[in-house]
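Since the structure comes first, as structure tokens, the remarks are kept for the end.
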Amino acid sequence: MTRDTAPPTGPFEAAVPAGEDPGAYAHLLRRIRDAALSGDRPPAAPRDLVGDSWRRTVGFGVDPDRGREPAAALGPDEVEDRRHRGKLARALPVLGDVLLPAAEDAGHVMVVVDADGVVLWRDGPRKIQRHAERLGFSVGADWSERQVGTNAIGTALAVGRPVQIYSAEHFVKSHHSWTCAAAPILDPVDGGLLGVVDVSGAAATVHPSTLALVDAAARMAESFLREEHHGMLDALRATASPLLAGTRDPVLVTDPHGWVAAAVGVRPVARIALPADRDSDHVWLPEFGACRLEPVPGGWLVRVLDGVAAEPAATRVAVDLTDPRQSRLTVTSPSGRWAHRLSPRHAELVLLLALAPNGRGGAELSADLFGSPDHVLAVRAEVSRLRRHLGGMLLHRPYRFADWVDVAVSYPSSPDQLLPASTAPAVRRLRALPSPPRETGVAS
């Protein structure tokens with residue numbers, strides 16, 4: 001006669017049913033797993049969550065006894081790039097404040113992974129960290145289901161909700177001495193998956209409240225990011241206030257994701273659907289019809305055209321490289337004028353893109369900047385940082401300025417003073433020219 005495992009109660013599904021002895025339940029789970037793998041009738045059904053994950057893992061070809069051959073962990077440079085490419089790094093102090101004291105007390109490690117399942121941070125008692133390392137649970141490792149089978153991190157990524165996995169619920173036998181609880185972290189700005197936070201430790205430390213604690217930490221991280229976004233909208237609102245003063249035209253000011261910071265002459269909405277990429281400053285928005293987008297620091301000024309087919313108004317970008325000590329970019333549009341001081345790397349990028357109106361691929365920019373096409377990740381990270389300031393004026397695939405942006409570069413009087421600290425091969429070639437470049441492709 002088979003025995004049914006207890007159904008989930010409350011908002012979370014604890015791995016060990018209420019009232020069960022964890023040791024005896026671990027033994028039952030081993031019998032369930034063995035029967036499932038051999039095709040025999042199990043003494044009880046696995047949880048639906050676990051059974052579904054086991055089936056996915058079998059489909060991935062993960063060996064239940066030895067696991068999959070460990071994939072090479074990502075190197076420090078790529079881990080660092082992933083850490084700061086998104087928003088998880090900003091939420092890390094919140095997660096640590098909530099989880100690390102409890103993890104220390106329980107003998108657990110706290111782990112944060114990105115949306116691909118790559119471990120970005122791991123912290124906790126040194127002894128348990130050494131045990132984790134022996135399982136390949138290291139920074140840079142892939143802990144998705146596809147790589148290591150059923151585990152709280154990979155399964156939470158797959159199902160998009162908090163998950164606790166205990167003992168032989170793990171698909172791979174070497175993980176049976178562990179318990180783990182994980183919860184996804186969503187981006188409050190666009191709803192996308194940022195990653196997962198997890199606490200893991202010896203199976204004997206399993207406790208139903210761990211899952212609720214991990215989920216609470218994830219929700220607090222999301223709340224922190226939400227408040228941070230509200231602060232950015234407040235700053236954008238203050239920046240836009242002089243632009244909106246006295247206007248009678250229907251206009252909105254939004255962040256790059258379409259969240260509205262201020263509006264005049266239109267019905268109030270929280271967010272508008274901005275196209276992700278544009279080669280024109282004219283767009284059609286379902287809420288308002290024909291509109292024109294003008295860049296402002298930190299977002300967009302959206303002019304509602306009321307069906308009038310207005311002539312496109314160009315946005316002009318002036319790149320000033322005349323001062324060898326600092327480079328500056330100035331944006332002029334019908335909504336006003338604003339300037340941004342460029343870092344040395346961003347000055348190189350803006351110069352190379354200004355000289356290539358048809359765009360440069362990641363490998364091409366890598367060769368321009370580093371002399372090798374093998375640094376695409378570094379290029380992607382730098383362009384991503386630059387787009388925080390320039391937003392939709394910069395497009396990708398290939399990287400380029402949008403067609404509706406007019407770009408002009410002011411060069412120093414002497415060619416050898418063009419970004420003199422730069423060691424980028426393309427910039428060195430430009431410095432060797434007898435006069436400032438004017439034609440596309442000079443940096444190639």
Could you pull out every donor-acceptor pair under 3.5 Å between side chains of residues 171-183 and any protein atom, sequence neighbours left out?
{"residue": "His176", "atom": "NE2", "partner": "Arg33", "partner atom": "NE", "Å": "3.4"}
{"residue": "His176", "atom": "NE2", "partner": "His170", "partner atom": "O", "Å": "3.1"}
{"residue": "Thr179", "atom": "OG1", "partner": "Ile165", "partner atom": "O", "Å": "3.3"}

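Applying the 6.0 Å contact sphere to CZ of Arg122 captures more than 12 heavy atoms from other residues, nucleotides or ligands.
Between Asp368 and Arg360 a salt bridge is recorded (basic side-chain N to carboxylate O distance below 4.0 Å). Ion pairing of Asp34 with Arg31 is absent here, as no side-chain N (NZ or NE/NH1/NH2) approaches a carboxylate O to less than 4.0 Å.
Under a 3.5 Å cut-off, the side chain of Trp143 and the backbone N or O of Gly136 do form a donor-acceptor pair. Counting only distance, with no hydrogens or angles, the side chain of Ser38 and the backbone of Ala35 share a donor-acceptor pair below 3.5 Å. One N or O on the side chain of Gln129 and one on the backbone of Gly124 form a donor-acceptor pair closer than 3.5 Å. Not one N or O on the side chain of Ser53 forms a donor-acceptor pair closer than 3.5 Å with the backbone of Leu49. Proximity of a side-chain donor or acceptor of Asp320 to a complementary backbone N or O of Ala318 within less than 3.5 Å is not detected. Under a 3.5 Å cut-off, the side chain of Arg68 and the backbone N or O of Arg146 do form a donor-acceptor pair. Here the side chain of Tyr166 pairs no donor or acceptor atom with the backbone of His207 at under 3.5 angstrom. Gln164 places a side-chain N or O within donor-acceptor distance of the main-chain N or O of Ala15, the cut-off being under 3.5 Å. Between the side chain of Glu169 and the main chain of Ala26, no donor-acceptor pair closer than 3.5 Å is present. The backbone N or O of Val118 lies less than 3.5 Å from no partner atom in the side chain of Asp116, so there is not a single donor-acceptor pair.
The NE2 atom of His396 lies 10.0 Å from the OG atom of Ser384; values are rounded to the nearest 0.5 Å. Going from atom CG of Leu225 over to atom CE of Met220 covers 12.0 Å, rounded to the nearest 0.5 Å. The NE2 atom of His27 lies 12.0 Å from the CG atom of Asp21; values are rounded to the nearest 0.5 Å. Atom-to-atom distance recorded for Ser327:OG and Leu419:CG is 5.0 Å, nearest 0.5 angstrom. To the nearest 0.5 Å, the span separating CD1 on Ile128 from CD on Glu133 amounts to 12.5 Å. Taking CD of Glu348 as the start and OG1 of Thr423 as the end, the distance is 7.0 Å to the nearest 0.5 Å.
In this structure, Leu95 and Ile185 have side chains that are in contact, with non-hydrogen atoms separated by less than 4.5 Å. Taking the side chain as every heavy atom from C-beta outward, Val253 and Val260 never approach each other to under 4.5 Å. Counting heavy atoms from C-beta outward, Asp123 and Leu100 have side chains that approach closer than 4.5 Å. Ile272 places a side-chain heavy atom less than 4.5 Å from the side chain of Phe288. No side-chain heavy atom of Met232 sits less than 4.5 Å from a side-chain heavy atom of Trp259. Side-chain contact between Asp255 and Trp300 is absent, with no heavy-atom pair separated by less than 4.5 Å. Leu99 is listed as a side-chain neighbour of Val197, based on a closest heavy-atom distance under 4.5 Å. In this structure the side chain of Arg345 never reaches within 4.5 angstrom of the side chain of Val379, judged on heavy atoms.
Between Ser200 and His108, the side chains place no donor N or O within less than 3.5 Å of an acceptor N or O (distance only, hydrogens not considered). Counting only N and O atoms by type, the side chains of Glu145 and Thr57 include no donor and acceptor under 3.5 Å apart. If you check the side chains of His131 and Arg134, you find a donor sitting under 3.5 Å from an acceptor.
The side chain to side chain donor-acceptor pair (under 3.5 Å) test applied to Thr239 returns no partner, not counting sequence neighbours. For Glu80, the salt bridge (charged side-chain N to carboxylate O under 4.0 Å, His left out) partners two or more places apart in sequence, or in a different chain, are Arg83. Residues meeting the salt bridge (charged side-chain N to carboxylate O under 4.0 Å, His left out) test with Asp114, sequence neighbours left out: Arg82. Arg55 is linked by a salt bridge (charged side-chain N to carboxylate O under 4.0 Å, His left out) to Asp52, counting only residues two or more places apart in sequence or in another chain.
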Run the side chain to side chain contact (heavy atoms under 4.5 Å, CB included) test on Val296 and Leu243 for me, step by step, so that the C-alpha distance in whole Å, both residues' side-chain angles and the decisive distance to 0.1 Å come before the verdict. CA-CA 10 Å; Val296 295; Leu243 304 176; 3.6 Å; yes
For Asp198 and Phe137, what are the C-alpha separation, side-chain angles and deciding distance, and is it a side chain to side chain contact (heavy atoms under 4.5 Å, CB included)? CA-CA 12 Å; Asp198 165 271; Phe137 204 10; 4.0 Å; yes
Give the C-alpha distance, both sets of side-chain angles, the deciding distance and a yes or no for side chain to side chain contact (heavy atoms under 4.5 Å, CB included) between Asp77 and Leu377. CA-CA 9 Å; Asp77 289 345; Leu377 282 173; over 6 Å; no
Go through it in stages, so that I can follow the logic: the residues are Asp48 and Glu13, the test is side chain to side chain contact (heavy atoms under 4.5 Å, CB included), and I'd like the CA-CA distance, side-chain angles, deciding distance and then a yes or no. CA-CA 11 Å; Asp48 289 344; Glu13 185 181 356; over 6 Å; no
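Taking each heavy atom of Leu157 and Gly117 in turn, the nearest pair found is CD1-CA, 3.5 Å. Heavy-atom minimum distance, Leu236 versus Gly299: CD1-N, 4.4 Å. Taking all atoms of both residues into account, the shortest heavy-atom contact from Pro373 to Ser366 is C-OG, 3.4 Å. The minimum heavy-atom distance linking Pro357 with Arg400 is given by the pair O-CB, 4.2 Å. Smallest separation of non-hydrogen atoms from Leu88 and Val113: CD1-O, 3.6 Å. Taking every heavy atom of both residues into account, His84 and Ala89 meet most closely at ND1-CB, 3.8 Å.
His375 and Phe370 have tilted rings, their planes meeting at an angle from 30° to 60° on a 0 to 90° scale.
When each of His340, Glu382, Arg341 is checked for a side-chain hydrogen bond (donor to acceptor under 3.5 Å, both in side chains) with His346, only Glu382 meets the rule.
Annotation: side-chain hydrogen bond (donor to acceptor under 3.5 Å, both in side chains) contacts involving residues 87-96, sequence neighbours excluded, comprise Lys87-Asp187, Arg90-Glu228.
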